[in-house]
2 protein chains.
Amino acid sequence: MVNDQQIIQAAIAVLGNDFSAPLDVIADKAGVARRTLYRRYKDREQLISACRKETMLICKAAMNQAYNSSQEPLKQLERMLYAGIDCNYKYAFLNKLQQREQPKLFSDHDKNDLDDNVKLKWRELVIVLQKDGIINNDISVHWVFFLFDGMISTTITAIESGDVAVNDVKPYAWKSFARSIGIKLKQK
Amino acid sequence: MVNDQQIIQAAIAVLGNDFSAPLDVIADKAGVARRTLYRRYKDREQLISACRKETMLICKAAMNQAYNSSQEPLKQLERMLYAGIDCNYKYAFLNKLQQREQPKLFSDHDKNDLDDNVKLKWRELVIVLQKDGIINNDISVHWVFFLFDGMISTTITAIESGDVAVNDVKPYAWKSFARSIGIKLKQK
DNA sequence: GAAAAATGACACAAATTTGTGTCATTTTGC
DNA sequence: GCAAAATGACACAAATTTGTGTCATTTTTC
């Protein structure tokens, strides 16, 4: 009735904004008995591990697909933003997780999977766009990255608040992000 | 040696990104024995209460001062952004807290203090700027608010990462925010 | 529809977290 | 420098959370 993905989904949603939340909160959110969590995942730790794995898989796939969906850097960047938004709180969860693990393991197994493949591609896009004068030169790639991540978080917050129509918000996000880094969009 | 404010500061920093974190984490962060926390605050709940109070006091004061520091709406908005950034993780903490309490108490005591006084002023600013054509008309006040909040979070993230110089980042934030809502800044 | 697999609803021990008592030591106020 | 106040370092009980065992019931599978 309740599959693994739904449980992981619930876990990500809960842990994403309260990492030390007890397991029954997750169980409730998933609509499942706490005992069931332990049947599917040995540990709290293993559940979290599964969350990380799933999150990275999904985000990575979505980002890669977005990247490959066009040859035009600006379009690629736009679709990657949408992909991040679609990954939703998964994205926030990943960030929180990485932030938490950074002191421990610096260059470990699958963590850099997402980074190496996708973040590098993303970075190249930005550099190209900056070289072409499409993105302003007066800001660093680093700052552009923060803005990108930040816009995803902002959009997720907006969606979760329920005060903004979900369909409207993605183009808003892109328009705002694009402007913020100095891109002048052509009127459609 | 360690005063109340430092403890509150530590508590806000810890709870801001892990609300269920045990008290010894906060005690460690504050450089104080866990026992001391209980001497100053009866409860975990009272500590959190104190955090809320302090946070609101500081944020409100900073925002109001920013608002009052100029008559020019654009300048006021800019300074309010800076004030939000200065409030730092306090701001994130407040958001998390309100998000958590929203289901419980809808229109309660001091919560709306910050809202009524400061958020209303902020809102008026945006409406005026939009009426004057300085902020783009194609986005809603609501979305502008999310962008504002989001830019504060983004900036805090950037600062915490240590990859961006603290002094540079505030003007960056303003420039990016201003652009994102369609403000054309004059070159200084 | 019957056997197998998974679930929920308990109960329960171990581990962790909370909150308090005590006392030697440190810090503060004067 | 001394008395008062605050702190740290324990110890400790209560409460909460974790992880497991068991069994009746539900869901899947064939």
Side-chain angles (χ1 to χ4, degrees), chain A residues 1-55 57 89 92-94 96-105, chain B residues 1-55 57 89 92-94 96-105:
Chain A
M1 206 153 200
V2 174
N3 61 26
D4 283 344
Q5 270 211 347
Q6 289 173 297
I7 289 182
I8 297 289
Q9 192 91 352
I12 291 173
V14 170
L15 298 178
N17 84 346
D18 185 6
F19 195 80
S20 298
L23 285 191
D24 38 2
V25 178
I26 296 174
D28 282 356
K29 179 105 181 178
V32 97
R34 191 171 63 91
R35 189 66 181 89
T36 301
L37 292 187
Y38 282 106
R39 290 213 179 85
R40 307 228 193 146
Y41 309 94
K42 186 185 157 237
D43 268 336
R44 170 179 248 273
E45 213 176 338
Q46 276 217 2
L47 174 59
I48 291 174
S49 229
C51 289
R52 173 178 35 235
K53 209 173 180 178
E54 170 80 359
T55 304
L57 201 71
Y89 32 84
F93 173 75
L94 251 195
K96 177 152 287 192
L97 209 56
Q98 293 197 359
Q99 184 181 332
R100 184 172 282 270
E101 288 171 347
Q102 213 168 28
K104 273 199 241 164
L105 323 156
Chain B
M1 206 156 200
V2 174
N3 62 26
D4 282 345
Q5 268 211 347
Q6 289 172 296
I7 289 181
I8 297 289
Q9 191 91 353
I12 292 172
V14 170
L15 298 178
N17 83 344
D18 185 6
F19 195 79
S20 297
L23 285 191
D24 37 3
V25 178
I26 296 174
D28 281 358
K29 179 106 182 178
V32 97
R34 190 171 64 91
R35 189 68 181 86
T36 301
L37 292 187
Y38 283 106
R39 291 215 179 84
R40 307 227 194 148
Y41 308 95
K42 185 184 157 237
D43 266 336
R44 170 181 249 272
E45 213 176 339
Q46 277 218 2
L47 173 60
I48 292 173
S49 229
C51 288
R52 172 177 39 234
K53 209 173 181 179
E54 170 80 358
T55 303
L57 200 70
Y89 32 84
F93 172 75
L94 249 196
K96 177 153 287 191
L97 209 57
Q98 294 196 359
Q99 183 180 333
R100 184 171 281 270
E101 287 171 348
Q102 212 167 28
K104 272 198 243 164
L105 323 157

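Just so it is clear: chains get the letters A, B, ... in the order the sequence lines come, proteins before strands, and each one is counted from 1. Quick caveat: nothing in here was measured; it's all calculated off a predicted structure.
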Gap separating the [atom1] atom of [X] from the [atom2] atom of [Y], nearest 0.5 angstrom:
| X | Y | atom1 | atom2 | result |
| --- | --- | --- | --- | --- |
| A:E54 | A:I12 | CD | CD1 | 6.0 Å |
| A:L23 | A:D28 | CG | CG | 11.0 Å |
| A:Q6 | A:N3 | CD | CG | 4.0 Å |
| B:I8 | B:L47 | CD1 | CG | 5.5 Å |

Exercise for review: Mind grabbing the angle between the end helix axes of the helix from C:dG1-D:dC30 to C:dC30-D:dG1? Five pairs an end, 10° rounding.
Suggested key: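 Result, rounded to 10 degrees: 60°.
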Exercise for review: Please tell me which of A:A21 and B:V32 maps to the more 5' nucleotide of DNA chain D, matching each residue to the nucleotide holding its nearest heavy atom.
Suggested key: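 It is B:V32, whose closest nucleotide lies nearer the 5' terminus.
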Exercise for review: Using heavy atoms to find the nearest nucleotide of DNA chain D for A:R35 and A:L23 separately, return the residue whose nucleotide is more 5′.
Suggested key: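 Closest to the 5' end, via its nearest nucleotide, is A:L23.
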Review point. Going 5' to 3' on DNA chain C, which nucleotide is the first and which the last to come under 4.0 Å of a heavy atom in chain B?
Key: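 The contact span of chain B on DNA chain C goes from C:dT17 to C:dT28.
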Practice item. Could you tell me whether the side chains of B:R52 and B:T55 share a donor-acceptor contact shorter than 3.5 Å? Key: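 The answer is no; no qualifying pair exists.
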Practice item. In sequence, state the C-alpha distance, the side-chain angles, and the governing distance for A:L97 and A:F19, and then conclude on side chain to side chain contact (heavy atoms under 4.5 Å, CB included). Key: CA-CA 9 Å; A:L97 209 56; A:F19 195 80; 3.6 Å; yes
Check your understanding: Does atom NZ of B:K29 have more than 12 heavy-atom neighbours from other groups under 6.0 Å away?
Key -> no
Review point. With sugar-phosphate meaning primed atoms plus P, OP1 and OP2, does A:R34 contact a base, only sugar-phosphate, or nothing at under 4.0 Å between heavy atoms?
Key: base
Review point. Under 4.0 angstrom, heavy atoms only, what part of the nucleic acid is A:R44 near: base, sugar-phosphate, or nothing?
Key: sugar-phosphate
Review point. Can you tell if the side chain of B:T36 reaches within under 4.5 Å of the side chain of B:R39, non-hydrogen atoms only?
Key: yes
Revision key, fill the gap. Result for 5'-nearest mapping on DNA chain C, choosing between B:Y41 and B:M1, is B:Y41
